[in-house]
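Here's the structure we're looking at; comments come further down.
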Amino acid sequence: MLVDGFENAPLVAGEEMPGFRAACLMWSSRTQEYDPVPAWFGVDGADADAACDALSDEDRWPVCRIPSGGGHTAVVLGCTIPEDPGTLRAVRDPGLP
């Protein structure tokens, strides 16, 4: 799998992991008062746990691509470098290089 600018990164296709999207949603919506449950997102708890493990695995960076109208694609890349973890979000426009 290739994402421009990350050709040498250890990327894995997150959309192929059961529970990946739910894990991302759970992680991003968790607060001290609010702890989401996998069933709210229609996934099995074990699948969500496995996806959460992938989100913190230093040896692979999960990427999720979400297609939308007009050929655009939302890309979410989880960077698991211990010293500089983060999430990159971008929209790919098929009309731009």
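All figures in this text were calculated on a predicted structure; none of them were measured in a lab. Residue numbers run from 1 in the order of the sequence given.
Looking at D59 and P10, their side chains never come closer than 4.5 Å, going by heavy atoms from C-beta outward.
Between the CG atom in D53 and the CZ atom in R60 there is a gap of 8.5 Å [rounded to 0.5 Å].
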Begin with the C-alpha distance, continue with both residues' side-chain angles, and end with the deciding distance and a verdict on side-chain contact (heavy atoms from CB on, under 4.5 Å) for V91 and T73.
CA-CA 6 Å; V91 174; T73 302; over 6 Å; no
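A continuous path of hydrophobic side-chain contacts links W61 to V75 [ILVMFWY only; heavy atoms under 4.5 Å].
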